[in-house]
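Notes for the one structure printed next.
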Amino acid sequence: MVIVMAPTATDADTAAVVTRVQQIGGEAFVSHGESRTIVGLIGDAEQFEDLNIPGMSGVDHSVRVSTPFKLVAREHHPNRSTVWVGKPGRRVPIGPRTFTMIAGPCAVETHQQTLEAAEMAQRLGATMLRGGAYKPRTSPYAFQGLGRSGLEILADVSERTGLPVVTEVVRPADVEDVVEHADMLQVGTRNMANFSLLQEVGHAGKPVMLKRGMSATIEEWIMAAEYIAQRGNLEVVLCERGIRTFETATRNTLDVSAIPVAQGLSHLPIIVDPSHSGGHRQLVEPLSTAAIAAGADGLIIDVHPDPASALCDGPQALTSDDLDHLSVSVRRVREAMLRVPAEAEGGTGSDPRAEQASLGHA
Ligand code: PEP
Ligand code: MN
């Protein structure tokens, strides 16, 4: 860990940091730079965290130098990555300088419902379709998804609309089937730490959207991405979907801070799910605009042609009437942040491929 002192820090401030570190058996090395003093710490980083050094007088900030993840770390890969999703000729980018909307039903229920939801997604400006065929439900009595026939519906709707599909995989044994039907695999919050599933999707050869575990720290989440990368799949998009807190007014608490923090630690793109965060359709717009303002690379949003009859997560699904309002708000904040909408290959949007090529990614 490195402690960066403020330009105004006194020698006594620096000495106090050194003493506090030495008191718990750590070593501290002071280097005086041109404008700042830096204190390098050697010892147990977890113990140093408990010392609350950033709160001490004269301290500007602390940096953990050796991150426990490597392949997905920004430290070793300063340019942020773009992940391309979809079949050749209509691949959609997710990454810096562009902005990708993904929308669709929480669960695939029928062909008609999925097609109508995909049309709603397009009205919202989405360039990708979401929809669950395998649903990881908290209650064993709740609708568990259509399984393989849901995958077939998604593949057909994708073909008709031209929207690449992201869908959840919950068991390692289903990865092959999901790869066959979908363009991107989703690992949900309940499976973020299912290491055998992470390793299996690491072999999938298709991009993965990794949702943050509802009780996972940002570091644990990025470590989960490292599992996928370690098996050879660097096409991973992080998705912040809210975490468990003491608050009960929302389904989860959207951790807006996770967006810049994860972007600082990892080169992977990060998108936000305002639907599963807030759990209410009226929260989708404020959480979406907050996410864009905080630098998110995209959004994944639940829509349903008839939320009252939805078999899963109806209260958070947008209705047809909500779409235009949200797309205007999103456009305005996106413009303020100078983020252009993601276009499929051949479109006129920004070209993150230039950066991608320089990173040596396909
Ligand atoms: C979903 O996106 O359908 C889903 C189940 O999300 P999460 O894993 O974030 O709860
Ligand atoms: Mn859901």
Side-chain angles (χ1 to χ4, degrees), residues 85 94 100-109 113-114 117-118 120-121 126 128-140 142-147 150-151 153-154 165-171 174 178 182-194 197-198 201 207-216 218 220-221 224-225 228 236-245 250-255 258-259 262 270-281 283-284 287-288 291 296 298-307 309-318:
V85 184
I94 307 178
T100 310
M101 283 281 260
I102 306 170
C106 173
V108 173
E109 297 165 12
Q113 167 254 7
T114 307
M120 291 172 70
M128 279 183 64
L129 174 66
R130 63 147 290 146
Y134 295 98
K135 296 304 301 174
R137 302 305 296 279
T138 303
S139 163
F143 174 59
Q144 304 287 311
L146 296 181
L151 292 179
I153 291 174
L154 281 171
V165 165
V166 57
T167 193
E168 182 159 357
V169 57
V170 295
R171 295 190 313 161
D174 295 327
V178 175
D183 301 289
M184 184 181 217
L185 282 63
Q186 173 175 332
V187 175
T189 193
R190 293 162 187 79
N191 272 311
M192 188 213 80
N194 179 340
L197 181 63
L198 297 176
V201 299
V208 175
M209 185 179 90
L210 177 65
K211 289 192 144 190
R212 179 179 179 183
M214 60 185 90
S215 304
I218 296 169
E220 287 163 345
W221 181 26
I228 301 171
V236 180
V237 173
L238 301 170
C239 177
E240 161 62 38
R241 47 79 70 203
I243 51 174
R244 280 265 167 96
T245 66
T250 50
R251 185 175 181 188
N252 293 282
T253 298
L254 176 63
D255 183 6
I259 303 162
I270 172 166
I271 65 169
V272 165
D273 181 338
S275 310
H276 288 82
S277 304
H280 299 286
R281 73 175 59 83
L283 292 176
V284 170
L287 298 185
S288 297
L299 294 171
I300 178 165
I301 291 176
D302 283 12
V303 298
H304 196 288
D306 180 21
S309 71
L311 296 178
C312 184
D313 289 350
Q316 70 195 31
L318 298 185

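In listed order, ligands and their atoms are each counted from 1. We're numbering straight along the sequence, starting at 1.
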Numbered atoms and elements of ligand 1 in range of G188, under 4.0 angstrom, heavy atoms: 8 (O)
In the protein, N/O/S atoms that are found under 2.8 Å from the Mn ion (ligand 2), waters not counted: C106 SG, H276 NE2, D313 OD2
Atoms in ligand 1 flagged as close to K211, the criterion being non-hydrogen separation under 4.0 Å: 1 (C), 2 (O), 4 (C), 6 (O), 7 (P), 8 (O), 9 (O)
Gap between atom CD of Q186 and atom CG of N191 - 0.5 Å precision: 10.5 Å
Minimum heavy-atom distance G213-I243, with the two atoms named: O-CG2, 4.2 Å
Top protein contact for atom 4 (C) of ligand 1, by heavy-atom distance: H276 NE2, 3.5 Å
Non-hydrogen side-chain atoms of R212 and E240 separated by less than 4.5 Å: yes
Contact (N/O only, under 3.5 Å) between R190 and ligand 1: yes
M214 and ligand 1 - part of the residue with a heavy-atom distance under 4.0 Å: neither
D313 bridged to R251 by N-O distance under 4.0 Å: yes
Per-atom contacts, ligand 1 versus R241 - under 4.0 Å to a heavy atom: 7 (P), 9 (O), 10 (O)
Nearest neighbour in protein (non-hydrogen) for atom 8 (O) of ligand 1: T189 N, 2.8 Å
Between CD1 on residue I259 and CD1 on residue I218, distance to nearest 0.5 Å: 10.0 Å
Side-chain donor or acceptor of K211 paired with backbone N/O of D273 under 3.5 Å: no
Shortest protein contact, atom 5 (C) of ligand 1 (heavy atom only): E168 OE1, 3.7 Å
Pair R281 + D302, salt bridge at N-O below 4.0 Å: no
Min heavy-atom dist R212 to ligand 1 below 4.0 Å: no
R190 side, atom CZ; R137 side, atom CZ - distance, nearest 0.5 Å: 8.5 Å
Shortest non-hydrogen separation from C239 to I300 and the atoms involved: SG-CG2, 3.9 Å
Considering all heavy atoms, the nearest E109-A310 contact: OE2-CA, 3.5 Å
M184 side, atom CE; M128 side, atom CE - distance, nearest 0.5 Å: 5.5 Å
Q186 N/O under 3.5 Å from ligand 1 N/O: yes
